[in-house]
Peer 1: 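Below is one structure. I have some questions about it.
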Amino acid sequence: MLELAILASGSGSNMQSIVDACRHGSLPASVRLVIGNNSKSGVLERARAAGIPTIHMSLKTHPDAAELDQAMARALGESGAQVVCLAGYMKLLGPRTLAAYDGRILNIHPGLLPRHGGQGFFGRAVHEAVLAAGDTESGPTVHLVDEIYDHGQTLAQSRVPVLADDTPDSLAARVLEQEHLLYVDTLRRIATGEIKLSGL
Ligand code: GRF
């Protein structure tokens with residue numbers, strides 16, 4: 001059984017698909033803690049509704065960045081999480097958290113890294129860049145997290161076509177459907193040992 005913590009800022013549909021897969025037994029894992037940096041985010045509501053412990057943690061609750069980092073590393077450690085999943089988490093992690101979970105922090109990005117990644121490339125901006133570049137394919141990437149945005153080793157990708165009449169919204173919806181499948185599948189492969197994380 002793989003013990004997970006999820007960090008997220010937004011609506012939490014990726015968090016939900018991971019929680020659902022754990023509950024249905026298709027993912028041999030359990031979500032021990034959800035940390036959100038936005039107290040009003042859908043992800044915290046969804047996690048509470050699912051009966052999962054939640055913490056709101058941000059520069060509002062911990063105005064000093066080093067204290068925030070320390071509190072986050074402590075909360076993750078106390079939760080018993082072995083792997084941390086960023087699922088639409090809009091902040092860089094601090095050095096203590098990164099060190100405590102080195103090689104065991106995953107992120108999902110809504111584009112085919114290394115294309116269309118880095119600071120500023122999140123959400124709609126990624127899909128706009130894909131369309132502007134005339135790419136014929138897009139899709140999500142699950143990768144390891146380090147101190148640089150969208151930079152760590154890629155673990156898995158899946159591909160969807162970009163259609164001639166796509167808008168950023170229609171492309172985002174097609175990619176998001178794949179995100180839900182890819183994140184759960186990647187975690188399943190980690191849980192079963194098919195993907196080996198050096199830190200696990
Ligand atoms: C997803 O598109 C993910 O790739 C990106 O942020 C979005 C989060 O969506 N990192 P949700 O909150 O899981 O619905």
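Numbers here are sequence positions counted from 1. Worth saying up front: this structure is predicted, and the values here are computed from it rather than measured. When a ligand or atom number is given, it counts from 1 through the structure's own listing order.
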Peer 1: Can you see whether S9 engages N38 through a side-chain donor-acceptor pair at a distance of less than 3.5 angstrom?
Peer 2: no
Peer 1: Could you tell me whether I108 and ligand 1 have an N or O pair separated by under 3.5 Å?
Peer 2: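 In this structure, I108 places an N or O atom under 3.5 Å from an N or O of ligand 1.
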Peer 1: Any idea which protein heavy atom is nearest atom 3 (C) of ligand 1, and the distance to it?
Peer 2: E179 OE1, 3.0 Å
Peer 1: Enumerate the atoms of ligand 1 whose separation from the nearest heavy atom of G12 is less than 4.0 angstrom.
Peer 2: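 Selected atoms, number and element: 11 (P), 12 (O), 13 (O), 14 (O).
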Peer 1: Is any N or O atom of S11, backbone or side chain, closer than 3.5 Å to an N or O atom of ligand 1?
Peer 2: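 Yes: some nitrogen or oxygen of S11 is under 3.5 Å from one in ligand 1.
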Peer 1: Please list the nearest protein heavy atom to atom 8 (C) of ligand 1 with its residue and the distance rounded to 0.1 Å.
Peer 2: G88 CA, 3.7 Å
Peer 1: Can you check whether L171 reaches S138 side chain to side chain, under 4.5 Å on heavy atoms?
Peer 2: yes
Peer 1: Residues sharing I35's hydrophobic cluster, by side-chain heavy-atom contacts under 4.5 Å among ILVMFWY, directly or via others?
Peer 2: L7, L33, I55, M57, L59, L68, M72, L76, V84, L86, Y89, L93, L98, Y101, I105, V145
Peer 1: Which residue holds the protein heavy atom closest to atom 14 (O) of ligand 1, what is that atom called, and what is the gap in Å?
Peer 2: S13 OG, 2.5 Å
Peer 1: Non-hydrogen atoms of G123 versus ligand 1: any pair closer than 4.0 Å?
Peer 2: no
Peer 1: Report yes if some N/O of N14 lies less than 3.5 Å from some N/O of ligand 1; otherwise report no.
Peer 2: yes
Peer 1: Measuring from non-hydrogen atoms of V43 to any atom of ligand 1, is the shortest distance under 4.0 Å?
Peer 2: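 No.
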Peer 1: Will you find, in the side chains of D150 and H116, an N or O donor that is under 3.5 Å from an N or O acceptor?
Peer 2: no
Peer 1: Tell me who clusters with F122, hydrophobic residues only, linked when side chains sit under 4.5 Å apart either directly or through other members.
Peer 2: M90
Peer 1: Any ion pair linking R188 and D185 (charged N to carboxylate O, less than 4.0 Å)?
Peer 2: yes
Peer 1: Side chains of H180 and S13 only: does a donor on one sit below 3.5 Å from an acceptor on the other?
Peer 2: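 Yes.
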